[in-house]
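As the structure is a prediction and not an experimental result, all values here were calculated from the model. Letters go in sequence order (proteins before strands), and every chain restarts at 1.
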Number of protein chains: 2
Amino acid sequence: MTGHPNESEGSPLPLRERKKLRTRRSLADTALRMFLERGYHEVTLEELVSTVEVSMRTFFRYYSSKEEVAMAAENELWDGYADEVARRQITGPVLAHLRECYASAVRGLPTDWTQRYLACRGLAARTPALRVYHAGTTQDLQLRIVEALEKEFDTDSREDVRLRLAADMALAAVRYGTKNWMRANRHRSRPGNAETLIAEVAQAFDALPGALTLTADTPPDTA
Amino acid sequence: MTGHPNESEGSPLPLRERKKLRTRRSLADTALRMFLERGYHEVTLEELVSTVEVSMRTFFRYYSSKEEVAMAAENELWDGYADEVARRQITGPVLAHLRECYASAVRGLPTDWTQRYLACRGLAARTPALRVYHAGTTQDLQLRIVEALEKEFDTDSREDVRLRLAADMALAAVRYGTKNWMRANRHRSRPGNAETLIAEVAQAFDALPGALTLTADTPPDTA
DNA sequence: GCAAAATATGCCAGTCACTGGCACTATGCC
DNA sequence: GGCATAGTGCCAGTGACTGGCATATTTTGC
């Protein structure tokens, strides 16, 4: 009576999976909080796992590295973005398509995600090891996006670099849009939400054509 | 009598510096050779330093990580590229400028560099840890380039993202140009030299405008 | 409810990249 | 030759990460 697998049909996940999810979240949340309070390198994994009360071995069954647990929030976004690109059918300009996929992915995340993302990116900004990890996952994402897009075109991207270049441009827009979003977040006292993030990224997308033709003779303040 | 500091004026570097250079090169060359023969993870630093006959402590005075010594050839290029951008005065389109700087940097490297570069990139392609490191150094390079370019413009790039986006596009072109160069190198039996690398990268630069406007309705094989 | 199969977890011992501190040694300068 | 200034080696330690096996906890079939 105490623990029927589905007491009502309200719980879609098996009980075991729920517990795993809870452990996973607990690890990521606790890690992020500790890293923010005391600094990434000042917190050892031993301290983390003893706080969450799991063994070291178990930690590595959930996350494959210390960096990964710190950047869990970003990986949620990357996964959502890549999934969105894989799911949607592309019509029209590639860059506009990718911008839409990104916006959908951000909107598909839980409401508390924004704060976690802001926190982990802030941490990464002052932690070289995390910056390197971030660069790695971004490159990974780029690969996943190209592979997903490639299925919609008949030529493969090894022959024609334009698809890969377009994916890279989109990623650059995401990168700098996010950067500006975080910067704005530091200056204004307002917390900044998912929609302002999407807006910043959209703005960076819009700046792409101007970047392509940017010259030294007409400096960039002609906007 | 056996070792006067400057027997003739033919040695521009102090004897001590020459020895340091020699150790540095020896470490990088030996490391690359061992990694290629037996795989990156199968070679421990202990084996490397005992082969080169320096202590572990000394190794870390030359290279700050195992990844760095493996990718030494690439770092030479990145340093040369960043230096070139910092040195040259920019005129005209930013992207054309960056393409020229890259070409100059490649031409400024020693003749044996090409083979080492090919080798270390090939190794990185099949070694996840090195791919991550590579992503990190690339992001670092991007930052250096933006900082150098920023001095030539009066606006800083935080206000206007176009400069950063342009630097990113240039880097994407370098990335995929290099990728195609390596691929061509596997297929053709000819070794591939600095000029073919520059040509591939230039080709990728030329593809940038087409990537910007790439659409799903007119597939990429319309070239 | 209960055994059996499947899965998750914990413990232990080990490897390896990387670091700080100090003594030692070789080079450059006079 | 002698002194200051490096570069180097040794040692002991930390901390991330892994393999193997025993243990606990669900789930499944009855």
Side-chain angles (χ1 to χ4, degrees), chain A residues 1-7 11-27 31 34-35 38-72 127-130 132-133 136, chain B residues 1-7 9 11-27 30-31 34-35 38-72 127-130 132-133 136:
Chain A
M1 295 24 180
T2 54
H4 269 222
N6 36 6
E7 5 190 307
S11 74
L13 260 53
L15 236 72
R16 203 181 228 167
E17 298 301 312
R18 289 188 76 80
K19 187 165 192 176
K20 288 204 328 192
L21 255 298
R22 213 155 43 81
T23 309
R24 199 180 158 77
R25 279 297 297 259
S26 177
L27 279 170
M34 292 176 86
F35 292 159
R38 298 166 40 206
Y40 179 74
H41 287 294
E42 278 60 48
V43 178
T44 69
L45 284 184
E46 201 146 353
E47 297 179 82
L48 171 62
V49 299
S50 84
T51 304
V52 185
E53 292 184 308
V54 295
S55 75
M56 181 122 264
R57 205 71 190 75
T58 297
F59 170 85
F60 281 103
R61 290 193 186 96
Y62 283 93
Y63 296 97
S64 61
S65 70
K66 187 181 180 185
E67 290 89 18
E68 186 179 329
V69 74
M71 302 301 282
T127 312
L130 289 182
V132 171
Y133 175 82
Chain B
M1 319 325 189
T2 56
H4 267 223
N6 36 6
E7 3 192 305
E9 77 270 10
S11 71
L13 259 53
L15 236 72
R16 205 179 227 168
E17 297 302 312
R18 289 187 76 80
K19 187 164 192 179
K20 287 203 334 190
L21 255 298
R22 212 154 43 82
T23 309
R24 199 178 157 78
R25 279 296 299 259
S26 177
L27 279 170
T30 311
M34 292 176 87
F35 293 159
R38 299 167 39 205
Y40 179 74
H41 287 294
E42 278 60 48
V43 178
T44 69
L45 285 183
E46 201 146 354
E47 297 178 84
L48 171 61
V49 298
S50 84
T51 304
V52 185
E53 293 185 307
V54 294
S55 75
M56 181 121 264
R57 205 70 191 77
T58 297
F59 170 85
F60 281 103
R61 290 194 187 97
Y62 283 94
Y63 296 98
S64 61
S65 70
K66 188 181 180 185
E67 289 90 17
E68 187 179 328
V69 72
M71 301 301 281
T127 311
L130 289 182
V132 171
Y133 175 83

Engineer: So how far is it from A:Thr51 OG1 to A:Met34 CE, rounded to the nearest 0.5 Å?
Structural biologist: 3.5 Å
Engineer: With sequence neighbours excluded, give me every salt bridge (Lys or Arg N to Asp or Glu O under 4.0 Å) pair touching residues 44-70 of chain B.
Structural biologist: B:Arg38-B:Glu47
Engineer: What is the distance, rounded to the nearest whole Å, between atom NZ of A:Lys20 and atom C1' of D:dT27?
Structural biologist: 13 Å
Engineer: With respect to the phosphate group of C:dT9, does any side-chain polar atom (N or O) of A:Thr58 fall under 4.0 Å of OP1 or OP2?
Structural biologist: no
Engineer: Within this structure, what is the CZ-NZ distance for the pair B:Arg22 and B:Lys19, rounded to the nearest 0.5 Å?
Structural biologist: 6.5 Å
Engineer: Hey, does the side chain of A:Tyr63 reach the backbone of A:Leu27 with a donor-acceptor pair shorter than 3.5 angstrom?
Structural biologist: no
Engineer: In whole Å, what is the span from the NE2 atom of B:His41 to the P atom of C:dA17?
Structural biologist: 10 Å
Engineer: For A:Tyr62, which residues count as a side-chain hydrogen bond (donor to acceptor under 3.5 Å, both in side chains) partner, sequence neighbours excluded?
Structural biologist: none
Engineer: Looking at every non-hydrogen atom in both residues, tell me the closest pair between A:Leu130 and A:Ala70 and how far apart they are.
Structural biologist: CD2-CB, 4.0 Å
Engineer: Quick one: which protein N/O atoms are closer than 3.5 Å to N/O atoms of nucleotides 20-24 of chain C? Pair and distance per line, please.
Structural biologist:
| unit_1 | atom_1 | unit_2 | atom_2 | d |
| --- | --- | --- | --- | --- |
| C:dG20 | N7 | B:Arg57 | NE | 2.9 |
| C:dG20 | N7 | B:Arg57 | NH2 | 2.8 |
| C:dG20 | O6 | B:Arg57 | NE | 2.9 |
| C:dG21 | O6 | B:Arg57 | NE | 3.2 |

Engineer: Can you tell me how far the CZ atom of B:Arg24 sits from the CZ atom of B:Phe59, to the nearest 0.5 Å?
Structural biologist: 10.0 Å
Engineer: Please list, by residue number, the residues of residues 42-54 of chain B whose heavy atoms come closer than 4.0 Å to an atom of DNA chain C; answer none if no residue qualifies.
Structural biologist: B:Val43, B:Thr44, B:Leu45
Engineer: Roughly, in whole Å, what's the span from CE in B:Met56 to P in C:dC16?
Structural biologist: 11 Å
Engineer: What is the distance, to the nearest angstrom, from the NZ atom on B:Lys66 to the C1' atom on C:dT15?
Structural biologist: 11 Å
Engineer: Please confirm whether the backbone N or O of B:Ser26 pairs with a side-chain atom of B:Thr30, one donor and one acceptor, at under 3.5 Å?
Structural biologist: yes
Engineer: Within the pair A:Tyr62 and C:dA8, is there a side-chain N or O less than 4.0 Å away from OP1 or OP2?
Structural biologist: no
Engineer: Does A:Lys19 have a side-chain nitrogen or oxygen under 4.0 Å from the phosphate oxygens OP1 or OP2 of D:dT26?
Structural biologist: yes
Engineer: Atom OG1 in B:Thr127, atom CZ in B:Phe35: separation rounded to 0.5 Å?
Structural biologist: 9.0 Å
Engineer: What is the distance, rounded to the nearest whole Å, between atom CZ of B:Phe35 and atom P of C:dC16?
Structural biologist: 13 Å
Engineer: Between atom CZ in B:Phe60 and atom P in C:dC16, what is the gap in whole Å?
Structural biologist: 13 Å
Engineer: Applying side-chain hydrogen bond (donor to acceptor under 3.5 Å, both in side chains), can you list everything that pairs with B:Tyr133, at least two apart in sequence or on another chain?
Structural biologist: B:Asn75
Engineer: Describe, as an angle rounded to 10 degrees, how the axis at the first end of the helix from C:dG1-D:dC30 to C:dC30-D:dG1 is tilted relative to the axis at the last end, five pairs per end.
Structural biologist: 30°
Engineer: Using whole Å, report how far CG of B:Leu27 lies from C1' of D:dT8.
Structural biologist: 13 Å
Engineer: For B:Arg22 and C:dA26, give me the distance from atom CZ to atom P, rounded to whole Å.
Structural biologist: 15 Å
Engineer: Would you say the side-chain atoms of B:Ser64 pair up with the backbone N or O of B:Phe60, donor to acceptor, closer than 3.5 Å?
Structural biologist: no
